[in-house]
Amino acid sequence: MNPAIQQKPSGNQVGAGEHRKRIAIFGSTGSIGTQALDVIEANSDKFVVTILTAHSNHQLLIEQALKFRPYAVVIVDETKYNATRQALSSAGIQVMAGEQALEDAAALDKYDMMLAAIVGFAGLKPTLKAIENGRSIALANKETLVVAGDIVMQRAVEKRTPVIPVDSEHSAIFQCLVGETRNRIEKIVLTASGGPFLGKKPNYLVNVKREHALQHPNWNMGAKISIDSATLMNKGLEMIEAKWLFNLKPEQIQVVIHPQSIIHSMVQFEDGSLKAQMGLPDMKLPIQYAMAFPQRIPNAFPRFDFSKSAQLSFEPPDIKTFRNLGIAMEALYKGGNLPAVLNAANEISVFGFLRNRIGFLDMTEVIERTMQKIPFIAKPTLEEYFESDAEARNFAASLLNL
Ligand code: NAD
Ligand code: MG
């Protein structure tokens, strides 16, 4: 069982004034990272930022660091190292650079909780390092669990490290499970908005362009997850994420389209009772919940108003049209290294689509062909997960002539 769910409310974990929780934000310049900084700024009596990391947006990283005064920052793009160091060293902030620096920073004892908000496979190694380092994890980076969920959760259990979901659906399920540790889950229902192309058919999707696909109706997110939401791959990745977070069998995970994104997900128990967590779509809430868990802290976020919302509707997903969800379900059921292969091929095809190298529907072809090509491994080691990722990435890139 995820150690986080068993954690008893302690009362003084945050908020006692002198014991501020030290947060390391990996991926601080992204959509989740910047919203997390807003939450921290509004709760500076409870949280303090001690590490910030970014891939290449050093200007924003510098701005954030001068404002929040962390102990250290990491800029992955080494060509930005000198400019970052010049801007921050006089402020006494340590500047580290390069990919390895992410793991070095994760190994520091300067933080209590890592907010894992890097996008993609790149988030896996630093998150594993943080677990090894015994730090709690607020997990936004779903790809970490899609690629190597069994190993990540196993290590978290061994280290008694809580892994608290930030993804809104998983946060919803997590919230529904508080107080239910002895009660078996019959199934979970992950809600999906359906994305910008809900109700569309392949003859429409074939001509969809990047600008259109990036426009999500309910959420304002990074580019990769926005495309994943438009193809419904995001929901497939979330099914796999849920399997590992909550120790479920694939048959226990259902997806329902709920275009209003008010019910963030549901748990059905053995007596048939369904618990749902609801609210307006705003990632700051699950971010805040993960950082403050097991406490809830007051905020001024807009509230959902039943008298203003005409209706909440539900329908099954159209996996004939949105085939990425279908192939992700295949990876979920078959397991082994297939989710890692799916994830790598998806990252490459999203990259290709964002650069107008392939069309919207071609993404599925690239992923499917990669899943057929890479040899199946039923119970991979961590190294084999990394190898499968690399092989899948190379093969998918060759299909795109990248
Ligand atoms: P984003 O693209 O806005 O930000 C990504 C962050 O990761 C940036 O700080 C970037 O500098 C960093 N980064 C990118 N590539 C990197 C690399 N190779 N090495 C190191 N750092 C790198 O992404 P986002 O929308 O904030 O999403 C972050 C994660 O959270 C994703 O895994 C996503 O699936 C998940 N998530 C996001 C949302 C959302 O609303 N944005 C909701 C649920 C889950
Ligand atoms: Mg989600």
Side-chain angles (χ1 to χ4, degrees), residues 24-38 51-61 63-65 73-78 80 84 96-103 105-106 114-127 129 137-147 164-174 190-195 214 216 218-229 232-242 245 255 258 261 263-265 277 281-287 289-290 343 346-347 350-351 354 389 393:
I25 306 183
F26 279 60
S28 66
T29 53
S31 160
I32 294 289
T34 51
Q35 294 182 82
L37 285 170
D38 290 345
I51 298 174
L52 294 172
T53 85
H55 183 262
S56 41
N57 188 349
H58 68 302
Q59 267 141 353
L60 181 55
L61 180 67
E63 200 181 295
Q64 293 176 336
V73 301
V74 177
I75 180 80
V76 174
D77 180 348
E78 296 182 50
K80 310 286 175 59
T84 311
M96 304 155 82
E99 217 179 287
Q100 176 59 39
L102 289 173
E103 285 182 77
M114 172 193 276
L115 173 64
I118 288 176
V119 60
F121 175 82
L124 172 58
K125 286 183 186 172
T127 306
K129 186 62 84 175
I137 310 289
L139 188 74
N141 177 268
K142 63 193 80 183
E143 295 90 345
T144 284
L145 292 183
V146 173
V147 174
I164 306 171
V166 169
D167 212 348
S168 58
E169 297 77 1
H170 305 74
S171 175
I173 291 161
F174 190 82
L190 292 176
T191 53
S193 68
L214 284 170
H216 195 278
N218 303 343
W219 303 94
N220 186 6
M221 309 177 288
K224 194 251 175 188
I225 186 176
S226 297
I227 301 304
D228 284 345
S229 299
L232 292 199
M233 175 57 87
N234 183 51
K235 213 47 57 179
L237 300 178
E238 290 185 353
M239 292 176 85
I240 302 169
E241 179 186 14
L245 269 174
V255 168
H258 166 46
S261 298
I263 294 185
H264 298 305
S265 280
Q277 186 265 338
D282 181 352
M283 284 309 295
K284 282 187 193 155
L285 182 55
I287 291 169
Y289 185 81
N343 179 70
N346 181 55
E347 287 190 25
V350 171
F351 177 88
L354 284 170
D389 172 85
R393 233 164 252 278

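Throughout, residue positions are numbered sequentially from 1 according to the sequence presented. Atoms within each ligand, like the ligands themselves, are counted from 1 in listed order. Note that the coordinates shown come from a computational prediction; the quantities given were computed from them, not determined experimentally.
- In this view, Ser171 and Gln175, Pro286, Tyr289 satisfy the side chain to side chain contact (heavy atoms under 4.5 Å, CB included) rule, not counting sequence neighbours.
- Closest approach between the Mg ion (ligand 2) and any N/O/S atom of Glu238 involves OE2.
- Here the closest heavy-atom approach between residue His216 and residue Ser229 is recorded as CD2-CB, 3.6 Å.
- Scanning for side chain to side chain contact (heavy atoms under 4.5 Å, CB included) contacts around Ser261 gives Ser193, Asn218, Trp219, Pro281, with sequence neighbours left out.
- With respect to the Mg ion (ligand 2), Asp167 has OD1 as its nearest N, O or S atom.
- Counting non-hydrogen atoms of other residues, nucleotides and ligands closer than 6.0 Å to CG of Asp38 gives a total above 12.
- With sequence neighbours left out, His258 forms a ring pair (Phe, Tyr, Trp, His ring centres under 6.0 Å) with Phe314.
- Annotation: ligand 1 has protein neighbours Gly27, Ser28, Thr29, Gly30, Ser31, Ile32, Ala54, His55, Val76, Leu102, Ala117, Ile118, Val119, Ala122, Ala140, Asn141, Lys142, Glu143, Asp167, Met221, Gly222, Ile225, Met283, each with a heavy atom less than 4.0 angstrom from the ligand.
- Considering all non-hydrogen atoms of both residues, Ser265 and Thr191 come closest at OG-N, 3.3 Å.
- Distances from the Mg ion (ligand 2) to the N/O/S atoms of Glu169 are shortest for OE1.
- For Leu37 against Ile25, the heavy-atom pair with the smallest separation is CD2-CD1, 3.7 Å.
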